[in-house]
Amino acid sequence: MSILTTEKVYPVSNSRLTAFKRSPKHLIHYLLNKPEPTPAMSFGSAFHARLLQPHLFDTIYAVAPEVDRRTKEGKLEYDKFIYEADGKTVLSHSDLSKIDNMVNSVMSNPIAMELIDASIHREYLIEWTNEETGIPMKGIIDGVGTEYMFDIKTCADADPSKFARDAFYSNYHRQASIYMDAFKDQKMTEFYFIAIEKDAPYGVSVHRCSDYILELGKKQYIDLVIEYRNWVEGGMLDIGYDYWHYSGIHELETPLTK
């Protein structure tokens with residue numbers, strides 16, 4: 001008997017497929033243990049909100065005062081701030097400064113801003129059914145235009161060649177293909193990634209997914225969803241890396257032989 005239910009494993013998202021691609025055991029852990037946001041994740045979410053939904057930023061985030069909490073006055077001021085910020089995510093002044101620098105850098109890139117300004121949906125939650133497998137899907141898309149979509153990626157290095165390599169090995173093309181599938185009936189033609197560095201000088205690069213890379217991502221996506229469905233129908237067994245290597249023995253080779 002599986003410790004999961006079908007209601008728990010559906011609908012399928014890109015993050016669930018990523019966990020499943022490691023192993024069913026990783027997916028089960030992901031589904032049963034909601035991860036606490038890391039500082040990096042919280043920072044990335046705050047940057048997205050500042051750039052894409054600035055009108056909501058102050059309702060979600062509060063910036064801590066720069067006070068000496070070792071003094072009575074400083075402690076009182078900080079405690080007052082925490083009380084008034086109840087329910088909001090707290091950011092430091094240094095984090096907000098970095099976020100604003102990143103936002104300004106993106107806004108200074110004419111191609112990135114054209115994509116953002118022309119979008120009709122931002123941080124858009126969508127659910128749909130993949131026609132080829134009948135599997136229910138869901139995702140949150142950073143930006144949707146009339147004939148294109150985009151996703152914002154914070155990174156250490158937005159150099160076009162470096163980002164292209166990192167994006168491929170991180171399966172961003174699979175993510176793009178999943179989101180294109182969500183708008184299949186609306187004939188989306190292009191998917192872009194906007195890369196922004198997290199440190200000065202906050203370089204920006206914009207990448208359009210080629211037809212070839214989207215087709216490759218689609219094949220990976222469909223194959224993985226089919227395997228996911230097979231795992232569910234097989235009882236959702238708690239299996240580790242051996243799920244993908246049925247002998248249980250993994251050949252140790254150089255990466256170049258793969």
Side-chain angles (χ1 to χ4, degrees), residues 6-22 26-27 30-31 34-35 41 44-45 47-49 51-53 56 106 111-155 163-164 166-196 206-233:
T6 53
E7 290 78 12
K8 190 74 175 179
V9 297
Y10 291 126
V12 179
S13 64
N14 182 55
S15 57
R16 293 187 182 195
L17 288 177
T18 297
F20 178 69
K21 192 172 186 295
R22 293 187 69 185
H26 288 85
L27 173 64
Y30 171 84
L31 293 173
K34 185 176 181 180
M41 291 168 62
S45 296
F47 165 70
H48 273 68
L51 176 64
L52 300 176
Q53 297 177 308
L56 299 178
V106 173
I111 299 174
M113 279 314 298
E114 182 178 355
L115 292 172
I116 294 172
D117 285 343
S119 62
I120 54 179
H121 300 294
R122 300 179 190 177
E123 300 288 349
Y124 188 61
L125 173 64
I126 185 169
E127 297 192 12
W128 73 102
T129 298
N130 172 255
E131 293 180 357
E132 293 165 88
T133 63
I135 297 298
M137 306 289 300
K138 72 174 181 179
I140 299 177
I141 307 171
D142 284 348
V144 181
T146 54
E147 296 181 343
Y148 69 90
M149 285 177 278
F150 67 81
D151 193 80
I152 308 286
K153 296 294 186 185
T154 59
C155 58
F163 181 81
D166 292 345
F168 182 78
Y169 287 113
S170 296
N171 293 299
Y172 288 172
H173 53 299
R174 188 187 73 213
Q175 176 191 4
S177 295
I178 290 174
Y179 291 161
M180 292 287 274
D181 181 52
F183 283 84
K184 187 175 183 179
D185 294 339
Q186 298 185 34
K187 294 182 171 51
M188 288 287 171
T189 59
E190 296 183 324
F191 195 101
Y192 295 86
F193 286 103
I194 301 172
I196 169 67
V206 180
H207 305 255
R208 185 183 71 84
C209 293
S210 68
D211 292 341
Y212 170 77
I213 203 71
L214 287 173
E215 282 299 317
L216 180 62
K218 181 179 179 180
K219 182 180 185 309
Q220 292 177 352
Y221 156 46
I222 297 300
D223 287 349
L224 195 53
V225 169
I226 290 173
E227 189 60 45
Y228 187 103
R229 183 183 61 190
N230 292 341
W231 172 73
V232 173
E233 293 175 350

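Checked against side-chain hydrogen bond (donor to acceptor under 3.5 Å, both in side chains), H26 has the following partners two or more places apart in sequence or in another chain: R22, S23, Y241. Remark: E7 engages T5 in a side chain to side chain contact (heavy atoms under 4.5 Å, CB included) (not counting sequence neighbours). Here E131 pairs with K184 under the salt bridge (Lys or Arg N to Asp or Glu O under 4.0 Å) rule; sequence neighbours left out. With sequence neighbours excluded, no residue satisfies side-chain hydrogen bond (donor to acceptor under 3.5 Å, both in side chains) with W231. Here Y10 pairs with nothing under the side-chain hydrogen bond (donor to acceptor under 3.5 Å, both in side chains) rule; sequence neighbours left out. With sequence neighbours left out, Y124 forms a ring pair (Phe, Tyr, Trp, His ring centres under 6.0 Å) with H121. Legend: residues meeting side chain to side chain contact (heavy atoms under 4.5 Å, CB included) with S170, ordered by chain and number and at least two apart, are Y172. Residues meeting the side-chain hydrogen bond (donor to acceptor under 3.5 Å, both in side chains) test with T133, sequence neighbours left out: N130.
A salt bridge (Lys or Arg N to Asp or Glu O under 4.0 Å) check over residues 166-179, counting only residues at least two apart or in different chains, returns the pairs K162-D166.
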Could you tabulate the donor-acceptor pairs under 3.5 Å formed by side-chain atoms of residues 139-149, not counting sequence neighbours?
unit_1: D142; atom_1: OD2; unit_2: H48; atom_2: NE2; d: 3.2
unit_1: D142; atom_1: OD2; unit_2: I152; atom_2: N; d: 2.7
unit_1: Y148; atom_1: OH; unit_2: L115; atom_2: O; d: 2.6
unit_1: Y148; atom_1: OH; unit_2: S119; atom_2: N; d: 3.3

For a quick test of your reading: what N or O donor-acceptor pairs under 3.5 Å do the side chains of residues 209-220 make, sequence neighbours left out?
unit_1: S210; atom_1: OG; unit_2: I213; atom_2: N; d: 3.1
unit_1: K219; atom_1: NZ; unit_2: D223; atom_2: OD2; d: 2.8
unit_1: Q220; atom_1: OE1; unit_2: H173; atom_2: NE2; d: 3.0

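The distance from atom CG of N14 to atom OG1 of T18, rounded to the nearest 0.5 Å, is 4.5 Å. Distance check: Q186 CD to M180 CE gives 11.5 Å after rounding to the nearest 0.5 Å. Here the CZ atom belonging to F150 is positioned 9.0 Å from the CZ atom belonging to F191, to the nearest 0.5 angstrom. A distance of 6.5 Å separates NZ in K8 from CG in L31, rounded to the nearest 0.5 Å. Note that OG1 of T129 and CE of M137 are 9.5 Å apart. Values are rounded to the nearest 0.5 Å. Here the CD1-SG distance, from I194 to C155, works out to 12.0 Å after rounding to the nearest 0.5 Å.
Between V106 and F47 there is a side-chain heavy-atom pair separated by less than 4.5 Å. The shortest side-chain heavy-atom distance between L51 and I196 does not fall under the 4.5 Å cut-off.
Contact between Q175 and D151 at its shortest, heavy atoms only, is NE2-OD1, 3.4 Å. Listed here is the closest heavy atom pair of Y228 and L17: CD1-CD2, 4.0 Å.
Judged by distance alone, the side chain of R16 and the main-chain N or O of Y30 form no donor-acceptor pair under 3.5 Å.
The local environment of CD in E114 is sparse, with at most 12 non-hydrogen atoms from other residues, nucleotides or ligands closer than 6.0 Å.
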